[in-house]
Trainee: 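This structure is in structure tokens; I'll ask about it shortly.
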Amino acid sequence: MRITLLGTGTSVGIPMIGCACETCKSTDPRDKRLRTACHIEAGNLSIIIDTGPDFRQQMLRANVRHLDAVLWTHHHFDHIMGLDDLRPYFFDCKAPIPCFAHPKSANVLRSIFPYIWGKRKAYPGTLKLNPADTPFGIKSRYDKPDTINVTPIEILHGRMPINGYRIGNFAYLTDVSHIPEAEYRKLKNLDLLVLNALRPTKHPRHFSINEAKNVAMRIRANQTVFVHMSHQVLHSRESTLLTGSMALGYDGMVLETT
Ligand SMILES: [Zn+2]
Ligand SMILES: [Zn+2]
């Protein structure tokens, strides 16, 4: 399985409009962060987690030519607002795209994009929206034999329940500020964990870097990579404070796992 981090920034992206701080002015490419999303390639399967405002640019930059499924972590704008740009994936393949989201986020997505889910056929294809609170399978839209199983992990973003996902020995958790005890059981024996770490200081709805490090030490994946970082994180400075199995992610980072 090959994971590409398409974006590693917090909601405003880095650089932030109007900001002249050290990180926003940095010329280090690792300090240029589109909104957080990732691409998973498993055999012939191509899966996207989150479709934020930078989705189109991310698909072009990573050259994602085919798509078998979309997973949404939650319905905040920085994770969904590129949704309409899924349309080109119908141009060469008319099969519906299965989409998965936490049941509450699925309801919000239906109300934000009524023309996509409604009966008026204003959308050129079908996005099949599935509320995901139990494990499910994904198969190819292109008649390939590949299939893969996905386990939703219910985590808290402030007080809002949202989804993380586990696929094989890879787990992806973003925008989390608390992991319920029962969900830790689904995060055992991970090879790769992608986890949000907003900034050095605390935040009510996101793990700080220290909180993320503590969670990573408890989960003990072979490798943990942090994403969804604000402009308070200058890559060259914060990355030197991490050791061993933990690292800061950056846009375009490619990770191999099982
Ligand atoms: Zn800044
Ligand atoms: Zn959010």
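Note that ligands are numbered from 1 as they come in the structure, with each ligand's atoms numbered from 1 the same way.
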Trainee: What's the count of protein N, O or S atoms under 2.8 Å from the Zn ion (ligand 1)?
Mentor: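 Step by step: take the Zn ion (ligand 1), keep protein N, O, S below 2.8 Å, and you get 4.
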Trainee: Taking side chain to side chain contact (heavy atoms under 4.5 Å, CB included) as the criterion, tell me which of L248, L198, T36, L173 meets it with V227.
Mentor: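 Among the candidates, only T36 passes.
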Trainee: Determine, stepwise, if the pair N163 / H102 fulfils side-chain hydrogen bond (donor to acceptor under 3.5 Å, both in side chains).
Mentor: CA-CA 6 Å; N163 271 357; H102 188 282; 4.6 Å; no
Trainee: Passes side chain to side chain contact (heavy atoms under 4.5 Å, CB included), V70 versus I97? Steps please.
Mentor: CA-CA 7 Å; V70 178; I97 300 179; 4.1 Å; yes
Trainee: Considering only NZ, NE, NH1 and NH2 on the basic side and carboxylate oxygens on the acidic side, decide whether R35 and D78 come within less than 4.0 Å.
Mentor: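 The answer is no: the pair does not qualify as a salt bridge.
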Trainee: Distances under 2.8 Å only: what protein N/O/S atoms are near the Zn ion (ligand 2), ordered by chain and residue?
Mentor: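 Sorted hits: H74 NE2, H76 ND1, H157 NE2, D175 OD2.
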Trainee: Please lay out, stage by stage, how H157 and H76 fare under the test side chain to side chain contact (heavy atoms under 4.5 Å, CB included).
Mentor: CA-CA 11 Å; H157 182 19; H76 284 160; 3.2 Å; yes
Trainee: Please state whether the rings of H74 and H79 are parallel, tilted or perpendicular, taking 30° and 60° as the class boundaries.
Mentor: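 Judged by the thresholds at 30° and 60°, the geometry between H74 and H79 is tilted.
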Trainee: With a sphere of 6.0 Å drawn around CZ of R56, does it hold more than 12 non-hydrogen atoms of other residues, nucleotides or ligands?
Mentor: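 Result for CZ/R56: open.
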Trainee: On the 0 to 90° scale, with breaks at 30° and 60°, tag the Y115-Y123 ring pair as parallel, tilted or perpendicular.
Mentor: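 Y115 vs Y123 ring planes: tilted.
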Trainee: Check the pair N222, D191 against side-chain hydrogen bond (donor to acceptor under 3.5 Å, both in side chains), reporting the backbone distance first and the verdict last.
Mentor: CA-CA 5 Å; N222 292 336; D191 181 48; 2.8 Å; yes
